[in-house]
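Naming: A, B, ... by sequence-line order, numbering from 1 per chain. The figures here come from the full heavy-atom set of this structure, side chains too, leaving out hydrogens, waters and symmetry mates.
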Amino acid sequence: MPLLDGAAPELFGYHYRPPDVSPISMSVPAAPSVAPVAPAVGAPRRAVALVSGGLDSMLAAKVILEQGIHVEGINFYTGFCVEGHTHAIRREHQLKPKRNNALWVAEQLGIKLHIVDVIEEYKDVVINPKHGYGSNLNPCLDCKGFMVRKAREWMEAHGFDFIITGEVIGQRPMSQRKDTMPVVARESGAFDRLLRPLCAKLLPETLPEREGWVDREKLLDFNGRNRKPQMALAAQYGFVDYAQPAGGCCFLTNEQYSHKLADLWSARGTKQYEFDDIMLLKVGRHLRPRPHFKLIVGRDEGENNFLNGYRKQYMHLNATNHTGPLVLLDGSANDDDLLLAARLTARFGHGRDAAEVEVSVTDIHGAARVVRVAPMPVTEIPEHWYL
Amino acid sequence: MSHHRLDARGLLCPLPVIRTQNRVVELAPGDTLEIAATDPGALHDIPAWCRVHGHEVVSTARENNEICVVVRVVAT
């Protein structure tokens, strides 16, 4: 295999490097954009479809494709997406076939898909959601507004005519309600260039319908959480093997993940995060035995390998005379804390029943020392240490 | 026509695909891009991205923990 030019980077783990791009303006127009510009003679109108990789956005794009519109997909990567990373990290997932569902959808539909890294811009959505959070740290309404706004910017930059989403009235308690749908259209600056094909008949006419680019009669009136209409439409189109994330596509809707993120903000005393932080929250067992430090305990070989990539950023522990987890220590720890961390490290390894286990404690510079500790009995680990 | 290289090692999917996509738009038809990655998902996702955009996958290879995909840019 040919080698890359230049010095090899650190290859022991996965780390995010921000792309070298200029920030995109996020200004939002106060009113709908000017009258539509006619396409070239014979050219179809063009729509950009938000494609999550789930069924609804796939169906919405298909409904519009069926009307002769040129559709291209757009997918936003926030860092909180469930799919992708866990495949690479956990051993059990490595045995499953890997696929990016958004790309799979695009391939089924025969459309292009543009995947956009919004990790940095998305932080503001998570940290300061204007409309607040859902039942966990999920800022669904702000998130939808953000994504439609990004799609609107893309539409304008690429000369497309309108935006489509797979939203269904009543599907989600926060972002997909009849009263919040106009909020997304307005705050994104998309206004009546935002068309929701799956429930359009229940909403006011949009520009593509008024202009006759799409036939409103061929749009749909799906409503509520019942998935049967979508499944019937999928069968009609011959779609099988589609992903069914059903709200589970974002880690922020997960109670345990949100708890860990809230703990991270609380422990640091500031509501900020970096990409590596939110990655580490997806991996391992997290315990906070003391307010000033927590432990991230690998649960299998894949997670140990992943955590090993962070050994130059965090102190780490591992048993040397038994197999077991690699444990990262996030925070500050004195000698007593390190002994406690070592006992917990021993507890989660194969030496858990031994009288004594040797545990290596290594700082971020690679300086290691070995301590001999008794594994902590499970009965001595308070439930509230687990995040 | 020229040959280019992209280092996506250490990045988790879909970031190798995103970096590939952003690099390809800067290249001319006929140019080739050699992508090095370490996330096994890249071996599937980069060819899938090429298929939906009409670019040609010249080769894929996996050696130990490193993946190499070579893409030829096609005018689309």
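- Note that the CZ atom of B:Arg51 and the CH2 atom of A:Trp104 stand 12.5 Å from one another [nearest 0.5 Å].
- Atom CH2 of B:Trp49 and atom NE2 of A:His114 lie 9.0 Å apart (nearest 0.5 Å).
- Counting heavy-atom pairs under 4.5 Å between each of A:Asn75, A:Ile115, A:Leu109 and chain B puts A:Ile115 at the top.
- At a 4.5 Å heavy-atom cutoff, B:Ser59 makes no contact with chain A through either its backbone or its side chain.
- Considering only heavy atoms from C-beta on, B:Asn22 stays 4.5 Å or farther from A:Asp117 through its side chain.
- Here A:Lys282 contributes atom NZ and B:Leu12 contributes atom CG; the two are 8.0 Å apart, rounded to the nearest 0.5 Å.
- Here the OG1-NZ distance, from B:Thr76 to A:Lys112, works out to 3.5 Å after rounding to the nearest 0.5 Å.
- Few gaps surround CD on B:Glu56; more than 12 heavy atoms of other groups in view lie less than 6.0 Å from it.
- For the pair B:His53 (side chain) and A:Leu113 (backbone), a donor-acceptor distance under 3.5 Å is present.
- Annotation: side chain of B:Val52 is in contact with side chain of A:Leu103 (closest heavy-atom distance under 4.5 Å).
- At a 4.5 Å heavy-atom cutoff, the contact between A:Ile111 and chain B is made by backbone atoms alone.
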